A.B. asks: 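Sharing a structure below in structure tokens format, with a few things to ask.
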Amino acid sequence: MKAVIFDMDGLMFDTEKVFAMAWDYVGEEMGLGKAGYMGLKTLGLNVEKTRQVWREEFGDKYDEDTMKKLTKEFLTKYYSENGVPVKKGLYILLDYLKSKDYKLAVASSSSKREVEEHMKDAGVYDDFDVIVCGDMVNKSKPEPDIYLKACEALKVNAEECYALEDSKNGLLSAYRAGCKVIMVPDLWQPDEEIEGILLAKCNDLEAVKEFLEK
């Protein structure tokens with residue numbers, strides 16, 4: 001195995017819970033009621049697919065410009081006051097992988113701007129060889145495009161890559177690309193379909209290091 005590809009939201013950073021808080025705020029401000037549950041409905045999706053799910057959920061009550069404005073307002077305030085919340089074991093795992101000369105990539109459905117901001121905030125931007133984001137591919141997770149692009153950029157075959165993911169869409173994307181998938185659950189626990197494709201399930205990123213050491 002030559003490389004490890006990381007998802008970002010809910011895997012490297014505890015941002016899914018921040019989005020739930022943001023969308024509770026957005027929903028109430030827009031008169032929709034608390035909408036934090038939309039985080040579960042859109043796990044692993046890129047921006048356009050996420051907005052499509054919102055349109056399907058709320059119909060004419062959904063105003064895209066207002067949703068974008070209020071979400072940005074909440075997140076900007078939260079991250080300026082708190083920084084990006086780093087998941088347990090991230091730094092330990094990265095140190096281990098670098099010591100073993102793994103190539104490292106991020107394959108995130110979030111926008112390039114958002115991914116780079118969070119990675120720089122957490123001090124891990126320079127640890128990665130490749131960053132592929134949702135606005136750099138035509139098809140969102142669960143399609144394999146983002147993982148195939150990451151493997152191509154790393155100059156490795158997909159079967160030589162571990163993929164670390166927390167969402168069903170992300171895990172399916174990595175598996176369909178041919179990667180060996182390791183799940184680190186966040187908001188969602190694996191169903192029977194996902195259990196059948198996992199190489200391993202680890203409670204946190206430090207446990208991923210322990211698995212790879214075996």
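Side-chain atoms are counted along with the backbone in the values below, which use heavy atoms only and exclude waters and symmetry mates. Residues: numbered from 1 along the sequence shown. The shown structure was predicted, so the numbers you read here are calculated from the model rather than taken from an experiment.
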A.B. asks: Describe, in one word, how the ring planes of Trp23 and Phe19 are oriented to each other, choosing from parallel (under 30°), tilted (30 to 60°) and perpendicular (over 60°).
C.D. replies: perpendicular
A.B. asks: Less than 4.5 Å apart, any side-chain heavy atom of Val124 and any of Met12?
C.D. replies: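 Heavy-atom side-chain distance check passes, below 4.5 Å.
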A.B. asks: Should Leu40 and Leu172 be regarded as members of a common hydrophobic cluster, given that ILVMFWY residues are connected when their side-chain heavy atoms come within less than 4.5 Å of each other, either directly or indirectly?
C.D. replies: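 Leu40 clusters together with Leu172.
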A.B. asks: Measure the SG-CD distance between Cys179 and Glu165 for me, rounded to the nearest 0.5 Å.
C.D. replies: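 One gets 9.5 Å once the value is rounded to the nearest 0.5 Å.
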A.B. asks: Nearest heavy-atom pair of Lys141 and Ala107: which atoms, and what distance?
C.D. replies: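 Taking every non-hydrogen atom into account, NZ-O, 2.9 Å.
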A.B. asks: Assess whether salt bridge (Lys or Arg N to Asp or Glu O under 4.0 Å) is satisfied between Asp95 and Lys209, documenting all intermediate values.
C.D. replies: CA-CA 10 Å; Asp95 285 345; Lys209 170 184 174 284; over 6 Å; no
A.B. asks: Could you tell me whether the side chains of Thr15 and Asp9 share a donor-acceptor contact shorter than 3.5 Å?
C.D. replies: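 The answer is yes; a qualifying pair exists.
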A.B. asks: So does Tyr102 have more than 12 non-hydrogen atoms from other groups sitting under 6.0 Å from OH?
C.D. replies: yes
A.B. asks: What distance separates Met136 CE from Ser109 OG, expressed to the nearest 0.5 Å?
C.D. replies: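 That separation rounds to 12.5 Å.
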A.B. asks: So does Lys68 get a backbone contact from the side chain of Thr71, meaning a donor-acceptor N/O pair under 3.5 Å?
C.D. replies: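 Flag not set: sc Thr71 to bb Lys68 has no pair under 3.5 Å.
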A.B. asks: May I ask you to check whether over 12 heavy atoms, not counting those of Asn203, lie within 6.0 Å of atom CG?
C.D. replies: no
A.B. asks: Tell me, do Phe13 and Val18 make a side-chain contact under 4.5 Å, heavy atoms counted?
C.D. replies: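 No, side chains not in contact.
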A.B. asks: Does the separation of the ring centres of His118 and Tyr79 fall below 6.0 angstrom?
C.D. replies: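 Centroid distance His118-Tyr79: below 6.0 Å, so yes.
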A.B. asks: Quick one: does Lys168's side chain have a donor or acceptor within less than 3.5 Å of a partner on Gln189's backbone?
C.D. replies: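 Not at all, since once roles are kept as given, no pair shorter than 3.5 Å links the two residues.
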A.B. asks: Is there a side-chain contact between Leu70 and Met30 (heavy atoms, below 4.5 Å)?
C.D. replies: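 In short, these two side chains touch, coming nearer than 4.5 Å.
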A.B. asks: If you count the non-hydrogen atoms of other residues, nucleotides and ligands that lie under 6.0 Å from NZ in Lys98, is the total more than 12?
C.D. replies: yes
A.B. asks: Flag the pair Glu210 and Lys214 as a salt bridge only when some basic side-chain nitrogen lies within less than 4.0 angstrom of an acidic carboxylate oxygen.
C.D. replies: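 No.
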A.B. asks: Side chain of Asp129, backbone of Leu104: donor and acceptor closer than 3.5 Å?
C.D. replies: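 Yes: the side chain of Asp129 pairs with the backbone of Leu104.
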A.B. asks: Output the distance between atom CD1 (Ile5) and atom CG (Leu11), rounded to the nearest 0.5 Å.
C.D. replies: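 Those atoms lie 12.0 Å apart.
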A.B. asks: Take atom CD of Glu152 as the centre, draw a 6.0 Å sphere, and report whether it contains more than 12 heavy atoms from other residues, nucleotides or ligands.
C.D. replies: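 Check fails, neighbour count at 12 or below.
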A.B. asks: Using modelled atom types and a 3.5 Å cut-off, is there a donor and acceptor pairing between side-chain atoms of Asp7 and backbone atoms of Val106?
C.D. replies: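 Between the backbone of Val106 and the side chain of Asp7 there is no qualifying donor-acceptor contact (under 3.5 Å).
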A.B. asks: Give a yes or no on whether Met8 and Val137 share a hydrophobic cluster (residues Ile, Leu, Val, Met, Phe, Trp, Tyr; joining criterion: side-chain heavy atoms under 4.5 Å apart).
C.D. replies: no
A.B. asks: With a 6.0 Å cut-off on ring centres, are Phe128 and Phe6 close enough?
C.D. replies: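 So the answer is yes for these two rings.
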A.B. asks: Is it true that Glu57 and Tyr37 share a donor-acceptor pair across their side chains at a distance under 3.5 Å?
C.D. replies: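 Glu57 and Tyr37 do have a side-chain donor-acceptor pair below 3.5 Å.
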A.B. asks: Please report the C-alpha distance between Lys2 and Asp101 in whole Å, then the side-chain angles of each, then the deciding distance to 0.1 Å, and finally whether the side chain to side chain contact (heavy atoms under 4.5 Å, CB included) criterion is met.
C.D. replies: CA-CA 8 Å; Lys2 297 178 180 177; Asp101 294 323; over 6 Å; no
A.B. asks: Without swapping roles, check the side chain of Ser140 against the backbone of Asn46 for a donor-acceptor pair under 3.5 Å.
C.D. replies: yes
A.B. asks: For Val184 and Asp204, work out which heavy atoms get closest and say how close.
C.D. replies: CG1-CA, 3.6 Å
A.B. asks: Can a donor-acceptor pair be found, under 3.5 Å and without considering hydrogens, that links the side chain of Arg176 to the backbone of Pro142?
C.D. replies: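 Pair found, side chain donor or acceptor close to backbone of Pro142.
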A.B. asks: Do Ile182 and Leu198 land in one hydrophobic cluster if side-chain heavy atoms of ILVMFWY residues count as linked below 4.5 Å?
C.D. replies: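 No, Ile182 does not connect to Leu198 through the hydrophobic network.
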A.B. asks: Any donor-acceptor pair under 3.5 Å linking the side chain of Thr42 with the backbone of Thr50?
C.D. replies: no
A.B. asks: Flag the pair Leu187 / Asp166 as yes when at least one side-chain heavy-atom distance between them is below 4.5 Å, and no otherwise.
C.D. replies: no
A.B. asks: Working to the nearest 0.5 angstrom, can you tell me the gap between Leu32 CG and Met38 CE?
C.D. replies: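 Leu32 CG to Met38 CE: 9.5 Å, rounded to 0.5 Å.
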A.B. asks: Determine, using the 4.5 Å side-chain heavy-atom cutoff (strictly less than), whether Leu154 and Val4 are members of one ILVMFWY cluster.
C.D. replies: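 They do not share one cluster, since no chain of ILVMFWY contacts under 4.5 Å joins Leu154 to Val4.
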A.B. asks: Do other residues, nucleotides or ligands put more than 12 heavy atoms under 6.0 Å from Asp191 CG?
C.D. replies: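 Enclosed: over 12 neighbouring heavy atoms sit under 6.0 Å from CG of Asp191.
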A.B. asks: Taking the side chain as every heavy atom from C-beta outward, state whether Asp135 and Val47 have any atom pair closer than 4.5 Å.
C.D. replies: no
A.B. asks: A cation-pi test, strictly: NZ or CZ of Lys180 under 6.0 Å from the centre of the six-membered ring of Tyr162 and no more than 45 degrees from its axis. Yes or no?
C.D. replies: no
A.B. asks: Could you grab the distance from atom CD1 of Ile131 to atom OG of Ser108, nearest 0.5 Å is fine?
C.D. replies: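 Between Ile131 CD1 and Ser108 OG, I get 9.5 Å after rounding to 0.5 Å.
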A.B. asks: Output the distance between atom CD (Glu64) and atom NZ (Lys69), rounded to the nearest 0.5 Å.
C.D. replies: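 That separation rounds to 15.0 Å.
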A.B. asks: Answer yes if the side chains of Glu73 and Tyr25 hold a donor-acceptor pair under 3.5 Å, and no otherwise.
C.D. replies: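 On atom types as modelled, these side chains qualify, holding a pair under 3.5 Å.
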A.B. asks: Take Ser111 and Cys133 through the test side chain to side chain contact (heavy atoms under 4.5 Å, CB included) and record every step on the way to the result.
C.D. replies: CA-CA 6 Å; Ser111 69; Cys133 306; over 6 Å; no
A.B. asks: Decide yes or no on side chain to side chain contact (heavy atoms under 4.5 Å, CB included) for Ile194 and Tyr175, but give the supporting numbers first.
C.D. replies: CA-CA 10 Å; Ile194 294 302; Tyr175 180 74; over 6 Å; no
A.B. asks: Please answer whether the main-chain N or O of Asn157 pairs with a side-chain N or O of Glu160 as donor and acceptor at a distance below 3.5 Å.
C.D. replies: yes
A.B. asks: Given side chains that start at C-beta, do those of Asp186 and Leu43 come closer than 4.5 Å, heavy atoms only?
C.D. replies: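 A side-chain contact under 4.5 Å is absent here.
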A.B. asks: Quick check: is Leu94 connected to Leu205 through a chain of hydrophobic side chains (ILVMFWY, heavy atoms under 4.5 Å apart)?
C.D. replies: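 Yes; Leu94 is reachable from Leu205 via cluster members.
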A.B. asks: Quick check: closest heavy atoms across Ala3 and Val156, and the distance to 0.1 Å?
C.D. replies: CB-CG2, 4.1 Å
A.B. asks: Quick one: does any side-chain atom of Asn169 pair with a main-chain N or O of Leu45 as donor and acceptor, under 3.5 Å?
C.D. replies: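 Not at all, since once roles are kept as given, no pair shorter than 3.5 Å links the two residues.
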A.B. asks: Should Tyr91 and Val86 be marked as a side chain to side chain contact (heavy atoms under 4.5 Å, CB included) after you check the CA-CA gap, both sets of side-chain angles, and the distance that decides it?
C.D. replies: CA-CA 9 Å; Tyr91 298 120; Val86 177; 3.5 Å; yes
A.B. asks: Does Tyr78 offer a backbone N or O that forms a donor-acceptor pair with the side chain of Asn82 under 3.5 Å?
C.D. replies: yes
A.B. asks: Looking at every heavy atom in both Ala158 and Ala177, which two are closest together, and how far apart are they?
C.D. replies: CB-O, 3.1 Å
A.B. asks: Please report the shortest heavy-atom distance between Asp24 and Gly36, naming the atom on each side.
C.D. replies: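 What the structure gives for the nearest pair is OD1-N, 2.8 Å.
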A.B. asks: How close do Gly27 and Ala35 get, heavy atom to heavy atom, and via which atoms?
C.D. replies: CA-CB, 4.1 Å
